[in-house]
Engineer: 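Can you keep this structure in mind? I'll have questions shortly.
Atoms within a ligand are numbered from 1 in the order they appear, just like the ligands themselves. Nothing fancy with the numbering, it's 1 onward along the sequence. If you're wondering where the values come from, they're calculated on a predicted model, not measured in any experiment.
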Amino acid sequence: MIEQLTQLKEEVIEKITATENIKQLNEVRVAYLGKKGPITDLLKGMGKLPVEERPKMGALVNEVRAEVQHIHDVRKATLEEQAIQEQLEKEAIDVTLPGRPVKVANAHPLTRVIEEIEDLFISMGYEVAEGPEVEKDYYNFEALNLPKGHPARDMQDTFYISEEILMRTHTSPVQARTMEKKQGASFKIICPGKVFRRDNDDATHSHQFTQIEGLVVGENIRMSDLKGTLDIFAKKMFGEDREIRLRPSFFPFTEPSVEMDISCFKCGGEGCNVCKHTGWIEILGAGMVHPNVLSMAGYDPKKVSGFAFGMGPERIAMLKYGVDDIRHFYTNDVRFLSQFHRTEE
Ligand code: DAH
């Protein structure tokens with residue numbers, strides 16, 4: 001019987017060691033250690049032994065059972081650990097795989113140009129001022145030396161809300177509004193915003209577009225200050241090699257009035273398609289604030305003077321980025337918009 005027991009022990013240990021997973025181990029456990037297994041049978045068969053041998057034999061069987069149980073438990077732990085390991089390997093994430101690209105939004109090209117210009121003027125001590133898009137005829141025209149019936153009004157026909165209220169045709173009314181508010185004090189402002197005109201939309205016209213106005217008022221403000229300021233602006237926006245040229249012009253709210261050109265940034269002045277073979281590109285209108293405009297806003301034109309300028313961010317963006325149709329800015333086509341990445345940041 002002892003021999004039988006030893007053989008059985010070796011057999012079960014071999015089987016346990018050979019198992020490859022928990023399922024197989026369970027099968028071996030049930031087969032050998034279970035109620036119907038051979039070890040239980042042996043215990044049951046003890047009744048047939050002589051009485052004096054029974055305790056010894058009983059102890060031996062229990063010893064074998066305990067040993068087998070221990071080996072089983074160790075194997076079980078190993079197999080469980082192995083199973084977890086396999087599971088982890090199966091679920092492992094390859095962190096070196098490229099991720100799904102996230103689409104990054106860009107600022108609209110017009111917003112970019114406006115912010116760039118704002119930043120430049122803020123760095124020179126200007127404040128940003130804003131005014132209403134639905135404006136009084138008074139601020140849009142009259143306070144800017146464009147009385148009712150003035151022929152220059154024709155160039156800026158717009159959408160009227162009533163006789164006296166209209167969609168502003170330029171950002172210049174913010175000049176008059178700011179002067180009124182400042183009550184005789186000196187100041188420097190830059191005013192970006194939307195403006196409206198009764199134009200038929202085409203590649204270079206839009207019934208709604210944007211402008212940026214600049215205004216400096218104080219004692220001893222001279223034409224040379226305007227020229228120096230515009231020169232800095234041209235160089236910062238279009239390159240340090242740019243030169244500016246002022247041509248005489250007319251605006252009712254400035255006297256004298258000028259139009260500013262920059263030397264062509266594409267050909268450097270030789271003549272090309274961008275500058276229409278003139279070497280110069282027209283950028284903005286400007287001038288010394290008309291005495292009538294100053295006095296209507298409560299300033300004494302004998303004591304203070306000022307300069308002003310007005311420009312279109314669309315035109316600047318079109319030149320800077322080579323955009324050939326103004327309507328691209330308003331149609332929200334992502335194929336157009338996604339081309340403008342902020343590379344300078
Ligand atoms: N308001 C003018 C326009 O819309 C642009 C302009 C010209 C503004 C000369 C100014 C200026 O401040 O001095 O055509």
Engineer: Name each N or O atom in ligand 1 that is under 3.5 Å from a protein N or O, and give the partner atom and the distance.
Structural biologist:
unit_1: ligand 1; atom_1: 1 (N); unit_2: His170; atom_2: ND1; d: 2.9
unit_1: ligand 1; atom_1: 1 (N); unit_2: Ser172; atom_2: OG; d: 2.9
unit_1: ligand 1; atom_1: 4 (O); unit_2: Arg197; atom_2: NH2; d: 2.9
unit_1: ligand 1; atom_1: 4 (O); unit_2: Gln211; atom_2: NE2; d: 2.8
unit_1: ligand 1; atom_1: 12 (O); unit_2: Gln175; atom_2: NE2; d: 3.0
unit_1: ligand 1; atom_1: 12 (O); unit_2: Glu213; atom_2: OE2; d: 2.6
unit_1: ligand 1; atom_1: 12 (O); unit_2: Phe309; atom_2: N; d: 3.4
unit_1: ligand 1; atom_1: 12 (O); unit_2: Phe309; atom_2: O; d: 3.4
unit_1: ligand 1; atom_1: 13 (O); unit_2: Ala308; atom_2: O; d: 3.2

Engineer: How about Ser263 and Arg242: does a side-chain donor come under 3.5 Å of a side-chain acceptor?
Structural biologist: yes

Engineer: About how many Å separate CG of Leu120 and NZ of Lys236, when rounded to the nearest 0.5 Å?
Structural biologist: 7.5 Å

Engineer: Where is the tightest heavy-atom contact between Trp280 and Glu243, given as atom of each residue plus distance?
Structural biologist: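 Looks like CZ3-O, 3.6 Å.
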
Engineer: Determine the minimum heavy-atom distance between Ser305 and Leu294, stating which atoms define it.
Structural biologist: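 So the minimum-distance heavy-atom pair works out to CA-CD1, 4.1 Å.
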
Engineer: Does Glu142 come within less than 4.0 Å of Lys148, counting only side-chain N to carboxylate O?
Structural biologist: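 Lys148 and Glu142: salt-bridged.
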
Engineer: Answer yes or no: are there more than 12 heavy-atom neighbours, outside Lys48 itself, under 6.0 Å from its atom NZ?
Structural biologist: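 Atom NZ in Lys48 is not packed in, count stays at 12 or less.
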
